[in-house]
Amino acid sequence: MNDMPGIPAAPSDRDLPNHRRTREELLKKIGPEDNRASLRRGWVVPLGVATGVVAVSVAAVAVFSGVGDAKPLLAAPEGNPTSAAAPPSPITTRGSTSAGAGSAPSSTRTTSTPDAFAITSGTTTPIDAGTVAKILASCLGSDASSYHAVVAARAPVASQRGDGVVIAVNSADQYVQCESKGDKGNSQDSPPTFINNRLWGTGHTIEYFDSIRESTGKGQYLVLGAGHYTSNIARIAISYGDNPKQYPAAMAGGAFVYAAALSAENPGSHYAGPSPYVHAYNASGEEIYNQEKDPQFTDNQ
């Protein structure tokens with residue numbers, strides 16, 4: 001017999017002595033609303049757990065034509081071109097904020113700021129062949145034997161993470177970019193060939209690889225970048241921000257690199273810094289590409 005209204009009777013095969021009273025007392029204390037709420041809470045899943053945000057970068061591996069056979073040349077001293085050169089890539093800031101491994105060029109560049117800055121040096125020096133081999137081995141692992149260096153340049157200043165860059169190419173004309181620190185190397189991209197055929201300037205003569213800015217001290221920065229150029233380019237130079245002065249890029253084997261030491265007055269915690277701009281010239285000395293005027297970049301500023 002059920003002496004409490006609203007309380008369902010237990011099955012007859014489980015109605016043991018005193019069990020019914022215990023069950024009724026417990027249900028009375030809990031109450032039907034508390035019981036339902038408890039069940040609902042038990043099935044709630046935080047939105048952050050149920051939903052993930054995935055960033056997918058898609059890149060095609062390109063076989064470059066018109067470059068000719070890439071020769072294992074190292075960067076010339078003073079950053080002077082040794083052959084035709086290719087342009088740098090949009091900047092990724094590292095140091096206070098990290099781009100993380102596998103970061104890649106983007107069509108949106110940082111814009112020049114009114115903050116006062118100075119390029120204290122735009123000179124690169126060559127990295128010797130023995131050190132280059134060690135950099136590629138630590139950067140590429142077992143794949144290093146499939147690549148040979150075309151440009152290897154030490155920057156005028158070193159950060160905690162890097163002091164130069166090596167660009168190498170394989171038999172399929174696929175480039176890799178290894179940032180150096182001493183005789184060690186690492187790639188921002190996974191796989192390292194991810195830099196190929198991702199970001200071309202208007203006219204398809206300059207292709208951008210990775211570009212970085214890293215702090216080297218209070219108000220001091222390393223700016224470094226690389227890229228690929230086509231055979232009609234004879235010389236490449238880099239300007240910074242609204243300063244018209246140009247600094248020669250090191251060029252060889254269809255690839256180019258540049259590096260500079262930059263100082264800024266009272267930079268903020270999220271200092272954007274001046275954008276590096278690529279200028280490309282043909283054999284007659286005519287400027288045939290100016291990144292500062294390239295609508296692909298200026299339209300995004």
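One is the number of the first residue; the rest follow in order along the sequence. Excluded from the calculations below are hydrogen atoms, water molecules and symmetry mates; all remaining heavy atoms, backbone and side chain alike, are included.
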Would you check if His228 and Asp173 make a side-chain contact, meaning some heavy-atom pair closer than 4.5 Å?
no
Does Arg154 reach the main-chain N or O of Gly182 with its side chain, forming a donor-acceptor pair under 3.5 Å?
yes
Is the shortest heavy-atom distance from the side chain of Ser239 to the side chain of Lys245 under 4.5 Å?
no
Sort out for me which residue in Glu287, Glu292, Arg235 forms a side-chain hydrogen bond (donor to acceptor under 3.5 Å, both in side chains) with His279.
Glu287
Any side-chain heavy atom of Ile127 sitting closer than 4.5 Å to one from Ser180?
yes
I'd like to check Tyr175 versus Thr193 (side-chain heavy atoms, cut-off strictly below 4.5 Å). Are they in contact?
no
With a 6.0 Å cut-off on the ring centroids, do Phe297 and Tyr277 count as close?
no
Is it true that a side-chain atom of Ser121 and a backbone atom of Ala261 form a donor plus acceptor pair closer than 3.5 Å?
no
Among side-chain atoms of Asp294 and Tyr289, is any donor-acceptor pair under 3.5 angstrom?
yes
Go through the side-chain N and O atoms of Gln246 and Tyr281 and say whether any donor and acceptor fall under 3.5 Å apart.
yes
Validation row: Ile233, Ile288 side chains within 4.5 angstrom (heavy atoms):
yes
With a 4.5 Å cut-off on side-chain heavy atoms, are Leu262 and Thr120 touching?
no
Do the non-hydrogen side-chain atoms of Glu179 and Glu214 ever get within less than 4.5 Å of each other?
yes
Output yes when a side-chain donor or acceptor of Thr216 lies under 3.5 Å from a complementary backbone atom of Val157, and no otherwise.
no
Ring pair (Phe, Tyr, Trp, His ring centres under 6.0 Å) involving Tyr147 - partner list, sequence neighbours excluded:
none
Flag if over 12 foreign heavy atoms under 6.0 Å of CD, Gln160:
no
For atom NZ of Lys181, decide whether the heavy atoms of other residues, nucleotides or ligands shown that lie under 6.0 angstrom number more than 12.
yes
Counting C-beta onward and ignoring hydrogens, is there a side-chain heavy-atom pair between Phe117 and Asp242 closer than 4.5 Å?
yes
Could you tell me whether a side-chain N or O of Ser159 sits under 3.5 Å from a main-chain N or O of Arg161, the two making a donor and an acceptor?
yes
